[in-house]
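Keep in mind it's a predicted model, so treat the numbers as computed, not measured. Quick note: numbers below take in every heavy atom, side chains included, and nothing from hydrogens, waters or symmetry partners. Residue numbers start from 1 in every chain, and the chains themselves are labelled A, B, ... in the order their sequence lines are given, proteins ahead of strands.
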There are 2 protein chains.
Amino acid sequence: MAGPEKRRKREREQRKKAILKSARKLFAERGFKPVTVASIAKKAELSKGAIYLYFNSKEEIYTQILLSDVEAFHKTMSQIFSRGETASQILYEFSDAYIDIFLNAREQFRTLMNFMLSAEHLNLSNGIRRQIIREMNKTISLIEKILQYGVDSGELNLKKQDMRRMRNALWGLLNGVISLHLFVGAESMREDRIRSNVREGLKTIIAGLTKTSKKKEAHV
Amino acid sequence: MAGPEKRRKREREQRKKAILKSARKLFAERGFKPVTVASIAKKAELSKGAIYLYFNSKEEIYTQILLSDVEAFHKTMSQIFSRGETASQILYEFSDAYIDIFLNAREQFRTLMNFMLSAEHLNLSNGIRRQIIREMNKTISLIEKILQYGVDSGELNLKKQDMRRMRNALWGLLNGVISLHLFVGAESMREDRIRSNVREGLKTIIAGLTKTSKKKEAHV
DNA sequence: GACTCGGGGTCAGATTCTGACTTTAATTCA
DNA sequence: TGAATTAAAGTCAGAATCTGACCCCGAGTC
């Protein structure tokens, strides 16, 4: 590629990134609907029209942020695997990492949460919504893999048909605890409380799943 | 100023600076004539045409670099004054600073030197050339000020009509020594040799000027 | 249901940029 | 000398990017 051409391409990508950066901040603060394209343009020091040279719609901006966040999220969480540890250790680490992301990359987390909480009235096209949900599920199914690994290694005792429910329970535990503390409780205590609550829940669940406790038949 | 407008102005100035930066490097390496506008454009990752949106001619680019260098140079050298010291101390510091600039901002120095060495066949317009020379003279006349200060304080013995000649002799000493070592002598020895040569010359000149040596009448 | 208002999206015109083209001036060679 | 060649300065039509006034629609108000 020629000199000026290369420079132009680079600058075009920088511009795009700048728009996404501005938009991410605004979406994290306010969600989808209240953020106007004009406000994104203003933050990025561009005119509204210029935004449409880089994206086809407000929805597309939101989607790209969401997808890249979900992917980054999934990438981070994937790294938890591939260390020769017990399933319960991995579960603890997974939870820790999840909480870390919440605490350190709050904007990403909020955007994600916002999507989960109100995906239906976001008026994204159905295809896009499904794509994002599929991506999110990839992360959720990591929990299932951990559980499966525990079952395979003989560490955990869990029937095939309960796997999915347990996975959702664990995922729910994480998000529920975090959400609980997001709106109540003092900022200063938040991290400790989230961590200890999650750890406590995990401990009990893992205890209930470990093979040593051989008795189990008390049906629901 | 509005958001996008402010950004545009900023970016325009950045572009201009980038062009000057590329051009300065090339001019320092090769002088005026051999540097083509196309080569400046290439280094700045722009087309030739774009260069002419920021400058009216190759000459103007060169001039702006030269002027800003001369001004920076003069500013640095001016700071030598305004410390309550003897004229000879100030002369030593002035020389040291001059050598420092040569050693640390070689590109600027080369551009300046190049101008001094071949101002006549640079085909700059006469007005511009005179403007730059006037600016350079401001710096040269700093030496005269130092000498005058020495005379006024009774430290130096120098007739009014000899002032200018002495000033030029000192300036010549500096540039002559530097030029000498610029083309001969090993890089590793250069700094030491320049400094010691200049110091030696200064020492002798100052000795010849200090009032204590009262005898003087041996005309040329 | 008419009216207002706010925000998504459009578009004509302004600005910036590109590279092929024209001009100019210096050099070579008959 | 002066015609031919060449190389670099400088130009310009058209492409790319950007702007902000404008259009349109849907949601709320009376």
Side-chain angles (χ1 to χ4, degrees), chain A residues 1-23 26-27 29-65 118 120-125 128, chain B residues 1-23 26-27 29-65 118 120-125 128:
Chain A
M1 201 185 304
E5 198 184 337
K6 194 176 154 199
R7 194 208 82 238
R8 282 189 145 207
K9 196 183 167 191
R10 192 176 62 236
E11 287 182 349
R12 189 175 169 77
E13 256 144 47
Q14 283 172 349
R15 191 73 91 204
K16 203 170 172 181
K17 272 186 198 164
I19 294 170
L20 287 174
K21 192 179 168 188
S22 301
L26 292 170
F27 284 136
E29 281 167 8
R30 306 180 206 166
F32 182 75
K33 188 75 189 313
V35 173
T36 67
V37 174
S39 72
I40 295 171
K42 190 180 175 189
K43 204 175 192 73
E45 291 182 302
L46 283 169
S47 66
K48 194 158 58 135
I51 301 290
Y52 287 88
L53 290 168
Y54 296 88
F55 301 93
N56 294 315
S57 64
K58 177 180 159 182
E59 174 183 316
E60 188 182 320
I61 298 174
Y62 186 79
T63 306
Q64 291 206 8
I65 291 171
S118 50
E120 65 281 9
H121 34 81
L122 233 42
N123 72 305
L124 306 182
S125 76
I128 296 290
Chain B
M1 202 184 302
E5 198 184 337
K6 194 176 154 198
R7 194 209 80 238
R8 282 188 145 209
K9 195 184 168 193
R10 191 176 63 235
E11 287 182 348
R12 188 175 168 76
E13 256 146 46
Q14 283 173 349
R15 192 72 91 202
K16 204 170 171 182
K17 272 186 198 162
I19 295 170
L20 288 174
K21 191 178 169 188
S22 301
L26 293 170
F27 283 136
E29 281 167 8
R30 305 179 206 166
F32 181 76
K33 187 76 188 311
V35 173
T36 67
V37 174
S39 71
I40 296 171
K42 191 180 174 189
K43 203 173 193 75
E45 292 182 299
L46 284 168
S47 66
K48 193 159 57 135
I51 301 291
Y52 287 88
L53 291 168
Y54 296 89
F55 301 93
N56 293 316
S57 65
K58 177 179 158 184
E59 173 183 320
E60 187 182 320
I61 299 175
Y62 187 77
T63 307
Q64 291 206 8
I65 292 171
S118 51
E120 64 281 10
H121 35 79
L122 234 40
N123 72 303
L124 306 182
S125 76
I128 296 290

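- If G49(B) and V37(B) are placed on DNA chain D by their nearest nucleotide, the residue sitting closer to the 5' end is V37(B).
- Remark: C1' of dT6(D) and NZ of K33(B) are 13 Å apart, rounded to the nearest angstrom.
- Rounded to whole Å, the distance from CD on E5(B) to P on dA14(C) is 16 Å.
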Would you tabulate the side-chain donor-acceptor contacts of residues 34-44 of chain B under 3.5 Å, counting partners in other chains and residues two or more places apart, or write 'none'?
residue : atom : partner : partner atom : Å
T36(B)  : OG1  : S39(B)  : N            : 2.9
T36(B)  : OG1  : S39(B)  : OG           : 3.4
S39(B)  : OG   : T36(B)  : N            : 3.3
S39(B)  : OG   : T36(B)  : O            : 2.6

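- Ranking dA9(D), dG19(C), dG8(C) by closeness to the Y52(B) side chain, first place goes to dA9(D).
- Of the candidates dC22(D), dG19(C), dT19(D), dC22(D) carries the atom nearest the K48(A) side chain, counting heavy atoms from C-beta on.
- By the 4.5 Å heavy-atom criterion applied to side chains, E60(B) and Q64(B) are counted as neighbours.
- If you take CD1 of I51(A) and P of dG8(C), they are 11 Å apart, rounded to a whole angstrom.
- Residues R12(B) and K9(B) are not in side-chain contact: their nearest non-hydrogen atoms beyond the backbone lie 4.5 Å or more apart.
- In the set dG10(D), dG8(C), dT17(D), the nucleotide with an atom closest to the side chain of K58(A) is dG8(C).
- Contact check, R15(B) against dT16(C): no side-chain N or O comes under 4.0 Å of OP1 or OP2.
- For R7(B), the side-chain atoms get nearest to dT19(D) when compared with the rest of dT19(D), dC17(C), dA9(D).
- For the pair P34(A) and E11(A), nearest-nucleotide mapping onto DNA chain C gives the more 5' position to P34(A).
- Using a 4.0 Å heavy-atom cutoff across all strands shown, Y54(B) reaches sugar-phosphate atoms only and no base atom.
- By the 30° and 60° cut-offs, the orientation of the rings of Y62(B) relative to F27(B) is perpendicular.
- When the side-chain nitrogen and oxygen atoms of R8(A) are compared with OP1 and OP2 of dT16(C), none of them lie within a distance under 4.0 Å.
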